[in-house]
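Remarks on the structure that follows.
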There are 2 protein chains.
Amino acid sequence: MLDFKAAVNKLRSYLKENNLRFTTERLTILEEIFNYPSHFDAEQLFIHIRNKHDNISRATVYRTLDLLSQIGILKKENLGHNYASYELDFNLPHHDHLICLECGKVVEFADPVIEKRQREICEKNGMEMIRHQLQIFGRCREHDKK
Amino acid sequence: MLDFKAAVNKLRSYLKENNLRFTTERLTILEEIFNYPSHFDAEQLFIHIRNKHDNISRATVYRTLDLLSQIGILKKENLGHNYASYELDFNLPHHDHLICLECGKVVEFADPVIEKRQREICEKNGMEMIRHQLQIFGRCREHDKK
DNA sequence: AATCAAGTTGAGAATGAGTCACGTTTCATG
DNA sequence: CATGAAACGTGACTCATTCTCAACTTGATT
Ligand SMILES: [Zn+2]
Ligand SMILES: [Zn+2]
Ligand SMILES: [Zn+2]
Ligand SMILES: [Zn+2]
C-alpha cells in the first residue's frame with residue numbers, strides 16, 4: 001500500500017530530525033496498524049502483535065502509539081469507553097463518530113456545516129481551535145424490535 | 001437556592017418510587033455539589049467533602065455521582081482527561097464545551113445549527129440519537145504572546 | 001568492522017481512576 | 001422500638017496506562 005510507505009517515510013524523517021532511532025519494533029507496529037481495522041485500542045493491538053511477533057512488549061506498543069499520534073500518523077480518541085481508541089490519521093480527511101451503544105458499531109461522518117460553525121464559535125470566543133471531537137451516541141434502528 | 005430544593009425533591013421522589021433510601025450522605029453530597037464549581041471530578045469533590053464531613057467515603061461519593069447522573073440531576077462527561085467530569089444538569093439546557101488546552105478554561109456553548117445537523121445525521125444513518133458530546137480543544141488568544 | 005554515547009527495549013512494578021465485597025450501620029415501616 | 005432491606009465505610013481489587021531500570025540496539029564516528 002502506498003500510504004504505508006509514505007507513513008514509514010514520515011516516521012523515519014521525524015525520527016531523524018529529532019535524533020531518535022528507527023527501530024524494527026517501531027516499523028513492525030506501524031505495519032501491523034496498517035493491517036488492522038480502524039478504531040482499535042492499545043490492548044487489542046498488543047495481543048494481535050504478540051501473536052505474530054513474540055518479542056514486542058506492551059510498553060513499546062503504548063509508547064509507539066503515543067509517538068505515532070504525536071507525529072500525526074495516528075489519531076487518539078475517546079469513543080466512550082474507559083480506554084483510548086486509535087485510528088490512522090495520515091493523509092485522511094477529518095471525520096467525527098456516530099456510535100451505537102447497543103452493538104458498538106462506529107459510523108464515520110463529516111459535516112461541513114458543523115465544522116464551519118465550530119470555527120465560528122472559536123472565533124467568537126477568542127480561541128484558536130486546535131482539534132475537536134464530536135461523538136453522537138445512539139442506537140441502530142435494527143435494535144428497536146426488542 | 002431554589003434549584004437546590006427542587007433537586008432534593010427530585011432525588012427524594014426518585015428514591016421513594018424505587019424503594020431506595022434518602023440518606024444524609026446523599027443529601028450532603030448533593031448539597032456540596034450545588035456549592036461547587038461545575039465540571040468537577042469525583043476525586044476533587046471527594047476531597048472537598050472530606051474536609052467538611054469526615055465520615056463520607058470515596059465509594060459513597062462515586063456511587064452517589066452515578067445515582068445523580070442516572071436521575072438526570074448531573075451529567076457525566078469526558079472533557080479530555082483520563083477521568084470523568086460532572087456538572088449539574090437539572091433544568092438546564094444542553095450545551096457543549098470549548099476547552100483551552102493551555103489554562104483549562106471551559107466555555108459552554110450551544111449552537112442550534114450544529115444540534116439540528118446532528119439530528120439529521122442520525123436520521124440519515126438510521127440511528128436514534130441518545131446523547132452526544134462535542135468538545136473543541138483550543139487555546140485562548142491571551143496565551144499567544146509567548 | 002570496532003567503538004561508544006545515547007536512545008530504546010522488555011519485564012514487571014507502580015499508579016490512578018473507578019469498582020467490589022463484605023461486615024456493620026441506618027432507614028422506613030409497622 | 002423491632003425488623004429487614006438498603007447503604008455505608010473500609011480496604012482490597014481491577015484495569016488501562018505509565019514508570020523504572022538493567023540490558024540491548026542504533027547509527028554516527030573512527
Ligand atoms: Zn468534526
Ligand atoms: Zn474514525
Ligand atoms: Zn450539542
Ligand atoms: Zn458544561
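Here is the naming used below: chain letters follow the sequence lines, and residue numbers restart at 1 for every chain.
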What is the distance, to the nearest angstrom, from the [atom1] atom on [X] to the [atom2] atom on [N]?
X: A:Gln44; N: D:dA16; atom1: CD; atom2: P; answer: 11 Å
X: A:Tyr83; N: C:dG18; atom1: OH; atom2: P; answer: 16 Å
X: A:Ile29; N: C:dG10; atom1: CD1; atom2: C1'; answer: 12 Å
X: A:Leu79; N: D:dA16; atom1: CG; atom2: C1'; answer: 16 Å
X: B:Glu43; N: C:dG16; atom1: CD; atom2: P; answer: 10 Å
X: A:Asn78; N: D:dT17; atom1: CG; atom2: P; answer: 10 Å
X: A:Phe46; N: C:dG12; atom1: CZ; atom2: P; answer: 11 Å

Base, sugar-phosphate, or nothing: which does [X] touch, judged by heavy atoms less than 4.0 Å apart?
X: A:Asn19; result: sugar-phosphate
X: B:Asn82; result: sugar-phosphate
X: B:Arg50; result: sugar-phosphate

How does protein contact run along nucleotides 22-30 of chain D, one letter per nucleotide 5' to 3', with B for base contact, S for sugar-phosphate only, - for none, heavy atoms under 4.0 Å?
-> ---BBSS--
A:Cys122 to B:Ile136 - nearest heavy-atom pair and separation | SG-CG2, 3.5 Å
Would you check if there is a donor-acceptor pair between the side chains of [Y] and [X] at a distance under 3.5 Å?
X: B:Glu128; Y: A:His143; answer: no
X: B:His95; Y: B:Glu87; answer: yes
X: B:His97; Y: B:Gln135; answer: no

Nucleic acid contacts - residues 57-70 of chain A versus DNA chain C, non-hydrogen atoms under 4.0 Å =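 Correct list: A:Ser57, A:Ala59, A:Thr60, A:Arg63.
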Do B:Arg139 and A:Ile130 have side-chain heavy atoms sitting under 4.5 Å apart?
-> yes
Take the angle between the ring planes of A:His48 and A:Tyr36 and call it parallel below 30°, perpendicular above 60°, tilted in between.
-> tilted
